[in-house]
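First comes the structure, then the notes that go with it.
This one's a predicted model, so the numbers in the text were calculated from it and none came from an experiment. Computation of the quantities below employed the complete heavy-atom set of this structure, encompassing side-chain atoms and omitting hydrogens, waters and symmetry-equivalent molecules. Throughout, protein chains are lettered first and strands after them, A, B, ... in sequence-line order, and every chain is numbered starting at 1.
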Amino acid sequence: MMSPVVVPDAKAAVMESWELSRKLVKCYETLASVGEIEVGTTPKDVVFQCDKIKLFHYKAANAATCKVPVLIAYALVNRPYMLDLQPDRSFVNRLLQQGLDLYVIDWGYPTKADKFLSLDDYLDIYVNDCVDFTRRSTKHDKINLMGICQGGTFSTIYAALYPEKIRNLITIVTPIDFSTNDGLLFRWSKNMNVDALVDAYGLIPGDFLSVGYLMLRPFMKIGKYLDVLDTMADREKIENFLRMEQWIVDSPAQAGECYRQFVKDLYQKNLLVNGGMMVGEKVVDMKNITMPLLNIYASDDHIVPPSATKPLNDLVNSADKELYAFKGGHIGVFVSSKSQNELAPAVAAWLHKRAS
Amino acid sequence: MDKFTDFYTEWLNAQKQMMKSWMDASESLRPSSQEKRDQETSGAQGNWYNPWQEAQMTFFKEWTESVANAQKAFSGLGGAGAPQPEAMRRASQLHETWMGIYSSWAGSMSKAFEDMTASLSEGIGKKTFANISSSADTYMKLFEFWLPIYKSLQEKSLDPAAYQRFIDPAKYQEVLEKVFDFISPGTVKEFYEQAMNYLETVAPLARSFAQQAADVTQRNARQFSGMLAGDPEAARATYDNLLDIYRQTLSPMLKLPAMARHRERIELVLKLLGKYPAYAAQYASFQKQVYTTGQSAMENVMNQVAQCLKEKSTAPGYDDFFKAWAEANEQAYGELFNTEKFSELQSQLQESGLEMKKDFEKLMELSLQQYPVVLRSEMDELYKTMHDLRRRLHDLEKEMPARSAKGAKQ
């Protein structure tokens, strides 16, 4: 029979609390002694700049064996140093080792003065200028374009608008078919009154977007922070953890007008699939994409689910197109050992094969 | 006084005294802000908590021994020495008192770690420590609920269906608020009071008109906080009533010539107050869904724990319980968040909040108009002009080579 009153085990409570507070004090000591965390350390030069946008050219230890340069466009939402988080977890570094010549667009941190930047400005000015600079400086009429996440959507649209400038298109964890409800961001964005949001903020705060991402897995983050308490003796592990934390909190604000069109035309109207997408006065016709396409998706991606990425291959006119399934999640694509050992070499091999 | 009561009172007083001494000691060992700055400058950061830590150790040791002795003695008294209903009542009080002491201690710990966070230099280390200590706080808050469950597991008397008797809903709500970072119901009252203060500042003449209404509404605002959690519609109706009172009170005042120049601002405040009920009601519905889901997840966890006990015949530890709790909640909330209903509600809530933000900013603009400062709308015009000019300049630069070539040919 159940006892009517339960007197808790005080000793257990005390010991549990004591153990946790001991770990927290150790954690405090460790974090207080950790200095500046370095990210994105692979050597690079700023070779072009327009407003707040910078174009980086990475320096490889050896000359590139794949002469056609690769321009990488990352998402606006987070910072591109995810591709170069630390020397032994650097997608960029691995691609350089495989003989690629790499350029990466850094979108910078928009301020209120940038609130009126539109999708047209990002694509027709910033991406187009970076593409033209890379073409001019490397003396190639066509270059390779690699887009990641939202940067992949940008790259796809750009390739549809300017197919004559792109030799090969690579998309990584890129949302294209926004009709899916497999990911919470897709479901939530469909009901969002983006006009109210942009009209109220002008510049969408980075925190607003970060909170949305954290809401996707609210309880797992508690476990993550508790688990790290047990690794405080391992300085290398802590520094690695902090690099990832740095990336997570480093969420730039978004230019309101660009955000408005992205949400309305893509998340809500799914215009890349349904047709009718306009960038400025230009119509985006996916059938203009005839260059070779490598479309990489992550099978366990909870941010951009495979159902949003895979349909790209059916929308384009490319005769040479490949769908690559990466076993892992949205972030693992860039930082996992599988990414370093399998994906980067596979991407490089695919490009080498199509270099001439 | 019987033997039981004597013992209980003595034990209780000893606990309270010990807690007070410990908290006083902890407080006195915490450095002042200036001391922390000095320590940071001198590189001695971190040393200040050593004596604090030692004080804790002493406390833990004493408390453990004391509680262990008390429980030992209590079990004997409750079993045979005292009449059963009285023993149960006393034991129930003991449980509550113990929980009170535990909560008080946990609160003190939480405050100590907040102070430690503040003493760290700005940067990712500080942000990470804040996240870690917040997670640890959630972990310990949940531990409070686990203790009686664990005891009943050890006694093999756990009834999953009756687990609620271990759980104070208000306290469990705090755990969920911590996870989801909800605003507290107190903010409702704060918003209302600030709006009132503003109204009275803008139009001092309105004070005598508004005073009566203010008294009524502030009384209701207090009730409103409590109503939020349970009945959003009733809360909204209350607010609508409050607003009507305001409108009726202020209506004749707005017709006075002296008030004409304030009219736009006063009406905007009233408009804001009118929108607040919709926002607050939606927020309450949102929270209600979150709490209901949390409750359902907890029921699942209890079933899992009971099942585990049946299968393994040993009680699972707190770590296992915590992991099961986190997983069950992750799944339950994943399902909730993925419903169209939740998505719509979240969107409506966001929209209501954004509308209020826009009105609030308009109110600020109206208030600042008389001062020599640049207004937000004026800056927006400037940003728009800058954007258009930059675009035009870029287009002209792009056209330059073609124009130059054309000019050279001619």
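- Neither the backbone nor the side chain of A:Val34 comes within contact range of chain B; no heavy atom of the residue lies under 4.5 Å from a heavy atom of that chain.
- Across A:Leu119 and A:Gln261, no two heavy atoms sit closer than the pair CB-OE1, 3.2 Å.
- Contact count against chain A (heavy-atom pairs under 4.5 Å) is highest for B:Lys384 among B:Lys384, B:Glu355, B:Met386.
- Looking at A:Tyr201, both its backbone and its side chain come within 4.5 Å of chain B, counting heavy atoms on both sides.
- Here A:Arg135 pairs with A:Asp132 in a salt bridge; the nearest charged N to carboxylate O distance falls below 4.0 Å.
- A donor-acceptor contact closer than 3.5 angstrom is absent between the side chains of A:Tyr158 and A:Asp124.
- The most heavy-atom pairs under 4.5 Å with chain B, out of A:Leu31, A:Ile125, A:Val249, A:Leu242, come from A:Ile125.
- The distance from atom CG of B:Leu142 to atom CZ of B:Phe321, rounded to the nearest 0.5 Å, is 5.0 Å.
- Residues of residues 181-193 of chain A having a heavy atom under 4.5 Å from any heavy atom of chain B, listed by number: A:Asn181, A:Leu184, A:Arg187, A:Trp188, A:Asn191, A:Met192, A:Asn193.
- Using a 4.5 Å cut-off between heavy atoms, B:Asp380 touches chain A through backbone and side chain atoms alike.
- In terms of heavy-atom proximity, A:Pro305 sits nearest to A:Thr180 at CG-CG2, 4.2 Å.
- Residue contact with chain A, scored on non-hydrogen atoms closer than 4.5 Å, involves the side chain of B:Gln350 exclusively.
- Heavy atoms of A:Lys221 lying under 4.5 Å from chain B belong to its backbone as well as its side chain.
- Ring pair B:Tyr139/B:Phe322: centre-to-centre distance below 6.0 Å.
- Both the backbone and the side chain of B:Glu340 come within less than 4.5 Å of a heavy atom in chain A.
- A salt bridge links A:Asp129 with B:Lys398: the distance from a Lys NZ or Arg NE/NH1/NH2 to an Asp or Glu carboxylate oxygen falls below 4.0 Å.
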If you look only at distance, which donor and acceptor atoms sit under 3.5 Å apart when one is on a side chain in residues 122-130 of chain B and the other is two or more places apart or in another chain?
residue	atom	partner	partner atom	Å
B:Glu122	OE2	B:Lys126	NZ	2.9
B:Lys126	NZ	B:Leu120	O	3.4
B:Thr128	OG1	B:Ile124	O	2.7

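- Within the 4.5 Å cutoff, side-chain heavy atoms of A:Arg79 are placed close to those of A:Tyr109.
- The minimum heavy-atom distance between A:Cys258 and A:Tyr122, with the atom names listed, is SG-CD1, 3.6 Å.
- Residues B:Asn329 and B:Ala297 come closest through the heavy atom pair OD1-CB, 3.4 Å.
- For the 3.5 Å distance criterion, the side chains of A:Ser118 and A:Asp121 qualify, holding a donor opposite an acceptor.
- Contact of A:Leu117 with chain B is made through backbone and side chain together, with heavy-atom distances under 4.5 Å.
- Contacts of B:Thr339 with chain A are made by backbone atoms alone, with heavy-atom separations under 4.5 Å and no side-chain atom involved.
- For a residue to count as touching a neighbouring chain, one of its non-hydrogen atoms must lie under 4.5 Å from one of that chain's; by this rule A:Leu229 touches chain B with the side chain only.
- At a 4.5 Å heavy-atom cutoff, the contact between A:Leu20 and chain B is made by side-chain atoms alone.
- With respect to chain A, the highest number of heavy-atom pairs below 4.5 Å among B:Ser135, B:Gly353, B:Ser134 belongs to B:Ser135.
- In terms of non-hydrogen atom pairs under 4.5 Å with chain B, the most contact-rich of A:Ile37, A:Asp199, A:Val228 is A:Asp199.
- Heavy-atom distances place the side chain of B:Glu361, and not its backbone, under 4.5 Å from chain A.
- Using a cutoff of 4.0 Å between basic side-chain nitrogens and carboxylate oxygens, B:Glu344 and B:Lys341 are not scored as salt-bridged.
- The contact between B:Phe337 and chain A is made by backbone and side chain atoms together, counting heavy-atom distances below 4.5 Å.
- Put simply, the side chain of A:Tyr162 reaches to within 4.5 Å of the side chain of A:Glu164, judged on heavy atoms.
- Of the atoms belonging to A:Leu197, heavy atoms from both backbone and side chain fall under 4.5 Å from chain B.
- B:Thr138 touches chain A through its side chain: at least one heavy atom from C-beta onward sits under 4.5 Å away, while N, CA, C and O do not.
- With respect to A:Glu245 and A:Lys224, a salt bridge is recorded, a charged nitrogen being found less than 4.0 Å from a carboxylate O.
- At a 4.5 Å heavy-atom cutoff, A:Val211 makes no contact with chain B through either its backbone or its side chain.
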